[in-house]
There are 2 protein chains.
Amino acid sequence: MAVAPPKPKDLSLSALRAFEAAARLGGFAAAAEELGVSPGAVTAHVKALEDRLGAVLFQRDAKGVRLTALGQRVLPGLSEAFDHLAAASHHMQAEAAPQLVHIATLPAIAQFWLSPRLPELRRIAPEISVSITAMEAPPNLKRAPYDLCLFFGGSQGTALTEDVIFPVCAPSVAARLRSVADLADVPCLSDTAWSEDWALWLAAAQPEGGIAPRGPAYSLYALAVEEAVNGAGVLIGHEALVARHLAAGRLVAPFAERATTGRSLRLWSAPPAGPAARQVMRWLTESA
Amino acid sequence: MAVAPPKPKDLSLSALRAFEAAARLGGFAAAAEELGVSPGAVTAHVKALEDRLGAVLFQRDAKGVRLTALGQRVLPGLSEAFDHLAAASHHMQAEAAPQLVHIATLPAIAQFWLSPRLPELRRIAPEISVSITAMEAPPNLKRAPYDLCLFFGGSQGTALTEDVIFPVCAPSVAARLRSVADLADVPCLSDTAWSEDWALWLAAAQPEGGIAPRGPAYSLYALAVEEAVNGAGVLIGHEALVARHLAAGRLVAPFAERATTGRSLRLWSAPPAGPAARQVMRWLTESA
DNA sequence: AATCTAGGGTCAGAAAAATTGAGTCTATTA
DNA sequence: TAATAGACTCAATTTTTCTGACCCTAGATT
């Protein structure tokens, strides 16, 4: 009731952003991940916001957090506002550097599919700069500053090629393989994120079953490929990613059977895509 | 062209806000004022943003700054986004403390008009808390977190009373005044922000002219009122602000002539006004 | 039951950012 | 010819923010 403190400061933008991310993603840890900070920072921001408001936004318990009624009421408005802000920010960057195209993709795609195509793209469109950021999962395009995304699966954008898989190995290893059954006797390499690959292919190649491939799993597909090239075993290969090694003869496909994961290599863009992004998109589509 | 740095950080929210304010208000100094920081901070933020974008947003020269073409293209989107964010933030505070009403007003109005009415309001609606922030000019309601504004002039909202002015002084001083001409012999107090008041009143009271009131000007109306009560001279009084002193007999109006400044005491609200804000508004309107 | 795991909370110290404040510079105004 | 207004620079300082290591709880797993 008194003549109040001189400057009623606005709510902190960082705190609002932390709250919005935590509420939208359903947890402080996920919010910290998206914002690129530690969970403790998110905790602190949300707490500061709650103190400032004099009201509780989350109900905490040991297994996570849930929005309070108040939190649920204010979340939609905040999310919209941050969507607008992200769009404006993205627009700003696009206007400032119209010839720069940011692509988000899997590390393996970046290395084995995208990277080999860049020299040609640079030759055709030297005025365009491409920047590539590797990540495990497609980003939220409403927030993250990328122009194009290139990932397996989903249903967005256009499918470039089907995801076809089949075993590949160094020629020296192939010489020891006479039949699918021989796979039981060699290390079968795989990627931890694609642990179903062997089972998928075997279901197509040897429906009667009976083979349980064993071997190391790598958290980076590039490591598994490298090992396969070095003769460490048989890798379950994704066609789009091992095509160059096959063409160069560093890897061969010992069996003719091929399977599809049911997913595709897909390319999509963040609207509104500028001319440079559209050109890169068109070119990548054609090159597939 | 290389596989780029791991984390393409978003543009800093503070930097975006500083740029937006500077661009909208047409100057770094004005932006600093609105944001409640020093001009140097705004300079630094804008510079950081320009470096980050690799493009120039403002064209600087000695008399100020002008937006570049790039700046002009990105400003509208950013301003809209920050409008949304401010609205969401305001909504959040309103939801968290629905019984709290923030009022922005002139220091003099706060002290002499609003404050005396608060006890009665508290009696009638004890569940409502009122917080008052004094400032020299009406805030930008699209951004500042106030529910109600109460200022002289403008055309927003509803007019509570006309701004009527006339000389007032302590009774002891009044005893020495027989005619308007006697004003030449006493200190004529005024507020620096309302320096035209004496001339306005004299034009009405003594159209033939010939009187040039002299006396100290105060940067705070409250100081001038205090001096007048203490018998330091004759103050050109605003009816709404000196009514209590007149009623209590601490000040008297030595002359019957009254003039109007052509402005009114006006009350308006930031949409959407909540129930508490509307109730305070209704009550203030009726009490006028 | 014990153990494991996921998700949060807390805290002190450290790192980074923002801010200030004094001094400069340059056109415009008086 | 001052005086003024607006912006810039830079170093020092203050404030904010972040991290990293720890604890805690509840459900899932052994």
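No experiment lies behind these values; they were computed from the predicted model shown.
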- To the nearest Å, give me how far apart CG (Leu25(B)) and P (dA7(D)) are. 11 Å
- Query: Rounded to the Å, how far apart are Asp10(A) CG and dT16(D) P?
  - Reply: 15 Å
Close N or O pairs between protein and nucleotides 17-21 of chain D (under 3.5 Å):
unit_1: dT19(D); atom_1: OP2; unit_2: Ser38(A); atom_2: N; d: 2.3
unit_1: dT19(D); atom_1: OP2; unit_2: Ser38(A); atom_2: OG; d: 2.8

- Min side-chain heavy-atom separation Tyr146(B)-Ile103(B) under 4.5 Å: no
Under 3.5 Å, which N/O atoms of the protein pair with N/O atoms of nucleotides 11-14 of chain D?
none

- Task: Could you check if a side-chain atom of Leu189(A) sits within less than 4.5 angstrom of a side-chain atom of Ile236(A), using non-hydrogen atoms only?
- Result: no
- d(CG, Leu57(B); C1', dC8(D)) in whole Å: 17 Å
Review item, side-chain donor-acceptor pairs of residues 69-81 of chain B, under 3.5 Å, at least two apart:
unit_1: Arg73(B); atom_1: NH1; unit_2: Glu95(A); atom_2: OE1; d: 2.2
unit_1: Ser79(B); atom_1: OG; unit_2: Glu20(B); atom_2: OE2; d: 2.6
unit_1: Ser79(B); atom_1: OG; unit_2: Leu75(B); atom_2: O; d: 3.4

- Electrostatic pair Asp61(A)-Arg66(A), nearest N-O below 4.0 angstrom: yes
- For DNA chain C, note the earliest and the latest nucleotide, 5' to 3', having some atom under 4.0 Å of a heavy atom belonging to chain A. dG7(C) to dT10(C)
- Task: Answer yes when Glu34(A) and Lys142(A) have at least one side-chain N-carboxylate O distance shorter than 4.0 Å, and no when they do not.
- Result: no
- Task: Could you check how far CD of Gln59(B) sits from C1' of dC8(D), rounded to whole Å?
- Result: 16 Å
- Message: Is the phosphate of dC8(D) approached by Arg60(B) (side-chain N or O, under 4.0 Å from OP1 or OP2)?
- Response: yes
- For Arg266(A), which residues count as a side chain to side chain donor-acceptor pair (under 3.5 Å) partner, sequence neighbours excluded? none
- Do you know which two heavy atoms are closest between Phe28(A) and Arg60(A), and how far apart they sit? CZ-NH2, 4.1 Å
- Query: Do NZ/NE/NH1/NH2 and the carboxylate oxygens of Arg143(B) and Asp83(B) come within less than 4.0 Å?
  - Reply: yes
- Item | CD (Gln99(A)) with more than 12 external heavy atoms under 6.0 Å | yes
- Where each residue is assigned the nucleotide of DNA chain D containing its nearest heavy atom, which of Asp61(A) and Ala30(B) is assigned the position nearer the 5′ end? Ala30(B)
- side chain to side chain donor-acceptor pair (under 3.5 Å) partners for Asp191(A), two or more places apart: none
- For the residue pair Trp194(B) and His238(B), categorise the inter-ring angle as parallel (less than 30°), tilted (30 to 60°) or perpendicular (more than 60°). tilted
